[in-house]
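Take a look at the structure below.
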Amino acid sequence: MPYTTNDIKAIESKWQKYWEKHRSFRAAAAPNKPKYYVLEMFPYPSGKIHMGHVRNYTIADVIARYKMMQGFNVLHPIGYDAFGQPAENAAIKNKTNPADWTYKCIAQMHDELKKMGFSYDWDRELSTCDAEYYKWNQWIFLKMFERGLAYKKASSVNWCPDCETTLANEEVINGACWRCKTVVVQKDLEQWYLKITQYAPALLDDLQKLEQWPSRVRLMQENWIGKSYGVEIYFKVKDSKETISVFTTRADTIFGATYVVLAPEHPLVKKLVAGTPQAKETLAFIEKTTNKSKSLRMSGDQRKEGVFTGRHAVNPVNNEAIPIYIGDYVLMEYGTGAIMAVPTHDQRDFEFAKEHKLPMRIVIQDPKNPGITVEKMTKAFEEEGILVNSGSFDQTPNVEAKKNIAEWMQDQGFGKMSVHWRLRDWLISRQRYWGTPIPIIYCEACGQVPVPWRQLPVELPKDVEITGEGGSPLARSRGFVECTCPKCNKPARRETDTMATFFDSSWYFLRFCSARNNDEIFDAKDAAYWMPVDQYIGGIEHAILHLLYSRFFTKFFKDLGLITMDEPFVRLLTQGMVLKEGEVMSKSRGNTVDPDEVLSRYGADTLRLFILFAAPPEDQLEWNDSGLEGSWRFLNRVYQMVEKRYSSTVIQAPSSVIRSSTPVILSPKGEESHPDPTLERERNKAIKSVTQSFEEGYKFNTAISHMMVLANAIDKAKTNVDAAIETLVLLLAPFVPHVAEEMWQMMEKTEASIAHAAWPVFDEAALKTAVITMAVQVNGKVRGQIQVAPDTAQDELRKLALADPGVAKYAQDAAIKKFIVVPNKLISIVVA
RNA sequence: GGGCGGGUGGCGGAACUGGUAUACGCGCAGGACUUAAAAUCCUGUGGCCGUAAGGUCAUGAGGGUUCAAUUCCCUCCCCGCCCACCA
C-alpha cells in the first residue's frame, strides 16, 4: 500500500515528537569520546526559511547524523543571527518594535526548522539579540579596547545613503551597499574600528593550515588581505625641504620613472601648490575629485584625470627632476598615497601619460620586439624582459634586477624595502538601533571611558522610536544617553552607535560550546573539547566577510588565553545556490519555491532526498518538480518493501484512501539463513560506496544513487532480502530520518531510535565474485567480452580472448604486436 | 584587465590513479492493471546506418602523446563566479 501525504505527515510529526521528548540530539562534553562539531552558518530570522536554508541545513544534518551513527559525540547546534536592519525596516513599516518583530520571526523559524527534522541540540539554541548574548559582544569589545585593538578615529568612510549608516570595506561590493545595492558615498566621520590589520600576517600565513577549505575561498582571502612586497622610494621635492615617499612593487623600473603622481587627498598637496601659478586649478581639481563617489572614481576603464602641481621631484637614482602631478587614479588608502609613474611599463601610467603628453622612457626591452620605440608603443609593456637605460643594471633580466635594485637603493639610502597590505581596519560603528550598543562613555574630563565589567550588558533601551532618519536612534533616548562617568562620577553621555552585526557572528560558534553559561563568555573546558568546528557549512558569499572576521576573533581569543586553537573551522563546505529556470531563486526575482508548500505535500524526507540527490553539494542546484516526484517515488518504494516484509506496525491510513488491490504477502520473520550471494555482494557494495561517498567529499548525489542500486537489487532478488533491507534502511537514515525511524520500528530492532544505531560495515571478501567479465579490445576498440575467474593467467587469457568470436574476427589471422592486460578489467590486443 | 571553476544524452548528473563513456534519477515511448484516469508495475531509450547480428560517430572546437584520452599536453571558443586604477 503506497503511503499518502497524510501518512507521511503522521510519521514525521510522530518522530519529531519522539526526538523532542527524548532530547535525542542533546550533546554533552565527554572527554574520552571522540567529538565532531557540525555547524551551519546560522540564519538571519526573517521568519520563513527558504530553499537556500533547506539545502544548507540538510547537508549539515546528513553529516551530523552520519557522524552520530559512526559513534562520534556530535555537537550540532542552531541559533539566530538576529540583529540587523530588516528588523528596523519592518518596525518602521508595521509600527512595531524591532524586538517584538524579531522574536516573533524566531519563533516561526524555530517551528520551520523542527518540521525539517534537523538533529539540533535545542538546549543550545541562542539569539544574538538576547542581552545574555550581546553582553559578551560588549565584553569582547572592551577586551579589545583595553588592548588598543578597538579604537575610534576620524576618516573618510563608506556611507550608504539608503541605510543611513557606515559600511565596512568588506560590505562594499562594486561600489555599492552589499545589502541594498545603493551606491556608497564617502563621508568624513569619527568611527570605531577594530584593528584587524594587526592580525594580517597571521590571517594570511594560517590560510596554509586550512587544507580542507575550498582553495578558492583561501585564494579570495589571500587576495583580500593582499600582501605585497616592494620598496618605498624617497623623492626630494625640488626647491623645498619636503620629500615624497612613493611605494612600488616594480623597483626594476625606477630608471623609467618620468613623473610622480599624488592622490588628491595627499597631505602634501596643498603645501606644494601654495604660491604656484597652478594652485587655483589644483585645488579646484581636488574639490571635484573628492566629491566624486568612490565607485565612480575607481571604475576601471575611465579616463585618467589629473593636473600638474607646478613642482618637480628628484629621482634619487639619476637626479632627474620630474614633474609632480595629482591624479584621480592614485588612492590615498593604499601604499603611501603617491606613486612614481613608469608609463612604458604600467598601463595606467601609460594612459595618463598619453592623456597629459608626458615623457616616456623604455627601461625593459621586449624580447619579442627589441627595436620598438616609445613613439610606436600602443600600450605598456608589462611582461618580462631585459633592462636598458638603467645605468649599471643594464642587460640584467628585470626579475633579477627587481631584487638587486631594491637592495642597492636601500644601501644608498634612496628608499627602504617594505611590505604593504590591502586589508584595512574593520569599521564597526553603525548608526542604527537594532544592534549591540558600544559600551563606551564619553566624559568631558576623562575622555573615552569603558563601561565597567559589572555594568554589562549595556541594554538597548525599549523607548526608542524607529524612524529610519536622522542618525543614530539611540541618541534620541535621553535615558540611554545620559549617564555618569564611571571614573569621576560627573555627568557623561553614552556612545550611541551600535556594532555591525558581523561582530555578533564572529564568535557564536564558541558560545555554542556553553550556550547557557552566564558567568563566562564560554567555558574553557567545553571549548577545548568541542572546538574547533570540524565541519562548517554555508554560502560562498561569506568567503571573505564572516569567515575572515571569525578567524580574526579566534586569533584574538587565543591571545587572550581563552582557547588554544588558532583557526575556528577545520573543514569548510560552501554549498551551491538553488536555481529555478537557470536563475538564482530569490524574492526579488519572484521565482522562489516555498519549502512550506513542498513540506505540506511531500514531507521533509522527500524534500531532503531531492535536494541531496539533484546535485553535488557544492554545485548549483536546479529546482525540478518532477525530480521531487522521483524522490517521493523512491521513498515510497522502499517503504513498501519494508512494509511487505514486516507488516503489522503500520500507520493506519485514513479510510478515504483507496488501497491497492494486491494483497500483502506476510512472510514470517527470521526464516533466512543463507542470503543470496549476489544480493549479499550488492549489499556490501552499497555500504562501501555510500561510505566512500561520505568520506570522499560528501557526494550525497552518488551516495543516493548507490542506495537506489541496492533497492533495485532487492526488488530483483525477491527472497532472502532481510539483511539487504536492514542495510538499506540504515544507509538511508541520515538522509531521510523520519521514514527511516518508522521502518526501523517496523523491523523491531533493539535500538529504539535508528539515529543512534551503528553505521553498517562492509566485508571486503563479500565483494569478490567467482567470475568476472573482462572487455577485450583490438586496436583500441572493444570487440568482445570474456568471463574468467579472477586473476586468470596471461596465457589462459590470451587463449580465451582470441576464442571470442567478436575478437577472432579482427585478430585471428593477424600478427599480434602487443598483448596488454589490465588485471581483472580489460585486455588490449594490438595487431598489425 | 587579473584570478578561479566549468563545458558529457532531451534534462539533473555518473565515470577509481589513463582502462568497456553516459551509473542513478527525471523525461519520453510502448505494454500490463483499470469501464476510464491517476497511482503502480514491466520493457525500451546517445546519434546515424541496419529487420537483425552488427557497424559507425559521439564527452565545447582543432591538433598531439598512448595499445587505450571525459581524464595528460598544446592552440582556440563559450559559460559561470570572484576581484578589480592596490602602484
Side-chain angles (χ1 to χ4, degrees), chain A residues 1-2 4 173-175 214-220 222-224 226 228 230 246-250 253 261 263 297-302 304 327-331 333-342 346-349 351-352 382 420-423 540-541 543-544 576-577 609-610 613-616 618-631 633-634 636-637 640 658 660-662 689 692 696 699 701-709 711-712 715 773-785 806 809 817-823 825-831:
Chain A
M1 171 205 58
T4 65
I173 311 293
N174 290 330
S215 54
R216 66 175 175 144
V217 175
R218 288 193 320 229
L219 202 69
M220 280 161 76
E222 192 181 318
N223 291 338
W224 188 262
S228 52
V246 307
F247 176 70
T248 183
T249 55
R250 296 294 307 274
T253 63
V261 192
R297 190 173 147 192
M298 305 231 286
S299 63
D301 43 27
Q302 235 210 281
K304 295 183 173 32
D328 63 355
Y329 76 108
V330 176
L331 308 173
E333 310 91 87
Y334 189 77
T336 58
I339 60 153
M340 63 171 200
V342 185
D346 181 288
Q347 186 57 25
R348 294 156 301 178
D349 298 345
E351 284 165 25
F352 190 82
E382 294 178 322
H420 279 264
W421 303 83
R422 195 181 167 282
L423 186 69
I540 186 77
E541 67 273 19
I544 295 170
M577 303 233 167
L609 192 71
F610 166 70
F613 183 52
E618 312 229 43
D619 289 9
Q620 299 190 325
L621 182 148
E622 175 70 36
W623 185 264
N624 177 335
D625 287 331
S626 41
L628 194 66
E629 198 70 46
S631 293
R633 227 148 40 200
F634 172 67
N636 198 346
R637 218 178 107 211
Q640 283 181 77
I658 299 151
S660 147
S661 51
T662 353
S689 307
Q692 265 177 5
E696 289 162 14
K699 295 179 186 159
N701 56 330
T702 52
I704 293 166
S705 76
H706 295 307
M707 292 188 274
M708 288 172 168
V709 170
N712 292 346
D715 258 353
T773 304
M774 288 180 82
V776 185
Q777 295 183 339
V778 181
N779 286 350
K781 288 208 159 98
V782 178
R783 298 295 182 185
Q785 290 184 335
K809 204 164 121 193
K817 282 166 70 181
K818 272 189 187 175
F819 189 83
I820 299 155
V821 176
V822 180
K825 259 188 189 156
L826 170 139
I827 294 160
S828 183
I829 304 169
V830 186
V831 297

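Quick caveat, the model's predicted, so the values are computed rather than measured. All chains are named by letter (A, B, ...) in the order of the sequence lines, taking the proteins before the strands, and each is independently numbered beginning at 1.
- With sequence neighbours left out, the ring-ring contact (aromatic ring centres under 6.0 Å, His included) criterion links Phe819(A) to no other residue.
- Residues forming a ring-ring contact (aromatic ring centres under 6.0 Å, His included) with Trp623(A) (at least two apart in sequence, or on another chain): Phe610(A).
- Nearest to the side chain of Thr249(A), among U56(B), G25(B), A87(B), sits A87(B).
- Residue Arg633(A) has a polar side-chain atom (N or O) positioned under 4.0 Å from OP1 or OP2 of G27(B).
- The residue Thr336(A) sits apart from the nucleic acid: no heavy atom pair falls under 4.0 Å.
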Stepwise, does the side chain to side chain contact (heavy atoms under 4.5 Å, CB included) test hold for Glu382(A) with Gln347(A)?
CA-CA 8 Å; Glu382(A) 294 178 322; Gln347(A) 186 57 25; 3.6 Å; yes
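- Its glycosidic angle being more than 90° from 0, G80(B) falls on the anti side.
- Out of U56(B), C85(B), G54(B), the shortest distance to the side chain of Asp328(A) is found at C85(B).
- A close approach under 4.0 Å does not occur between any side-chain nitrogen or oxygen of Arg218(A) and OP1 or OP2 of C4(B).
- Going from atom CD of Glu351(A) over to atom P of A87(B) covers 16 Å, rounded to whole Å.
- Note: CE (Met774(A)) to P (U20(B)) measures 12 Å, nearest angstrom.
- Side chains of Asn223(A) and Arg218(A): no donor on one and acceptor on the other come within 3.5 Å.
- Inter-residue side-chain proximity for Leu826(A) and Gln777(A) is flagged as met; some heavy-atom pair is nearer than 4.5 Å.
- Among C24(B), A87(B), U56(B), the nucleotide with an atom closest to any side-chain atom of Leu331(A) is A87(B).
- In this entry the distance linking CG of Asn636(A) with P of A38(B) reads 17 Å, nearest Å.
- Taking the C1' atom of each, G64(B) and C78(B) are spaced 23 Å apart, rounded to whole Å.
- Rounded to whole angstrom, the span from the CD atom of Glu222(A) across to the C1' atom of G3(B) amounts to 11 Å.
- Within 4.0 Å (heavy atoms only), Lys781(A) reaches sugar-phosphate atoms of the nucleic acid but no base atom.
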Please assess Asn712(A) against Arg637(A) for the test side chain to side chain contact (heavy atoms under 4.5 Å, CB included), listing each intermediate value before the final yes or no.
CA-CA 10 Å; Asn712(A) 292 346; Arg637(A) 218 178 107 211; 2.7 Å; yes
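- In this structure, the CD atom of Glu382(A) is 10 Å from the P atom of G2(B), given to the nearest Å.
- For the C1' atom pair drawn from A61(B) and U70(B), the interatomic distance equals 15 Å after rounding to whole Å.
- Residue-level contact check: Gly630(A) touches the backbone only, with heavy atoms under 4.0 Å from sugar-phosphate atoms and none from bases.
- Look at the P atom in both U8(B) and G62(B): the space between them is 15 Å, to the nearest Å.
- Atom CD1 in Ile544(A) sits roughly 16 Å away from atom P in C4(B) (whole-Å rounding).
- Of all the heavy atoms in Phe634(A) and Met708(A), the pair that sits closest is CE1-CG, 3.6 Å.
- Among the atoms of the strands shown, only primed sugar atoms or phosphate atoms (P, OP1, OP2) are found under 4.0 Å from some heavy atom of Val709(A).
- Counting all heavy atoms, side chain and backbone alike, Asn779(A) lies closest to Val830(A) at OD1-CA, 3.4 Å.
- Proximity note for Trp224(A) (side chain, C-beta onward) versus G54(B), C83(B), C4(B): the nearest is C83(B).
- Nearer the 5' end of RNA chain B, as judged by each residue's closest nucleotide, is the contact made by Asn223(A), out of Asn223(A) and Thr248(A).
- Atom name P, nucleotides C24(B) and C42(B): the rounded distance is 14 Å, in whole Å.
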Please tabulate, one pair per line, each protein N/O and nucleotide N/O from nucleotides 11-16 of chain B that are separated by under 3.5 Å, including the distance.
residue	atom	partner	partner atom	Å
G12(B)	O2'	Ala614(A)	O	2.4
G13(B)	O3'	Asn701(A)	ND2	3.2
A14(B)	OP1	Asn701(A)	ND2	3.0
C16(B)	N3	Lys825(A)	NZ	3.0

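- Here, G44(B) and A37(B) have their P atoms 24 Å apart, quoted to the whole Å.
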Give me the distances for all protein-to-nucleotides 65-68 of chain B N/O pairs that come in under 3.5 Å?
residue	atom	partner	partner atom	Å
C67(B)	OP1	Lys818(A)	NZ	2.5
C67(B)	O2	Ser828(A)	OG	2.6

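- Contacts of Glu618(A) classified as side chain to side chain donor-acceptor pair (under 3.5 Å), with partners at least two apart in sequence or in another chain: Thr574(A).
- Distances were taken from every side-chain heavy atom of Tyr334(A) (C-beta onward) to each of G25(B), A87(B), G27(B); the shortest belongs to A87(B).
- Checking C83(B), C57(B), C81(B) against every side-chain atom of Arg216(A), the shortest atom distance belongs to C81(B).
- Atom CZ of Phe634(A) is separated from atom C1' of C24(B) by 10 Å (rounded to the nearest Å).
- Nearer to the 5' terminus of RNA chain B, by closest-nucleotide assignment, is the contact made by Leu219(A) (compared with the other of Arg783(A) and Leu219(A)).
- Taking the six-membered ring for Trp and thresholds of 30 and 60 degrees, Tyr334(A) and Phe247(A) have ring planes more than 60 degrees apart, a perpendicular arrangement.
- Interatomic distance, CD1 of Ile544(A) versus CD of Glu222(A), reported as 12.0 Å (0.5 Å rounding).
- When every heavy atom of Gly337(A) is checked against every heavy atom of Val330(A), the shortest pair comes out as O-CG1, 3.6 Å.
- Base pairing in RNA chain B yields stems of at least 3 consecutive Watson-Crick or G-U pairs, both distances under 3.5 Å, namely B:1-7 with B:77-83, B:10-12 with B:24-26, B:27-32 with B:40-45, B:46-49 with B:54-57, B:60-64 with B:72-76.
- With respect to Asp349(A) and Lys304(A), no salt bridge is recorded, no charged nitrogen being found less than 4.0 Å from a carboxylate O.
- The C1' atoms of A15(B) and U65(B) are separated by 22 Å, rounded to the nearest whole Å.
- A69(B) and G63(B) are spaced 14 Å apart, taking the C1' atom of each and rounding to whole Å.
- The same atom, P, is picked in U59(B) and in C72(B); the two are 15 Å apart, to the nearest Å.
- Looking at Glu351(A) and Tyr329(A), their side chains never come closer than 4.5 Å, going by heavy atoms from C-beta outward.
- Side-chain atoms of Phe613(A) and Ser705(A), non-hydrogen and from C-beta on, do get closer than 4.5 Å to each other.
- Residue Arg422(A) has a polar side-chain atom (N or O) positioned under 4.0 Å from OP1 or OP2 of A84(B).
- Between Leu628(A) atom CG and G25(B) atom C1' there is a gap of 13 Å when expressed in whole angstrom units.
- The nucleotide whose nearest atom lies closest to any side-chain atom of Asn712(A) is, among C82(B), G19(B), G25(B), G25(B).
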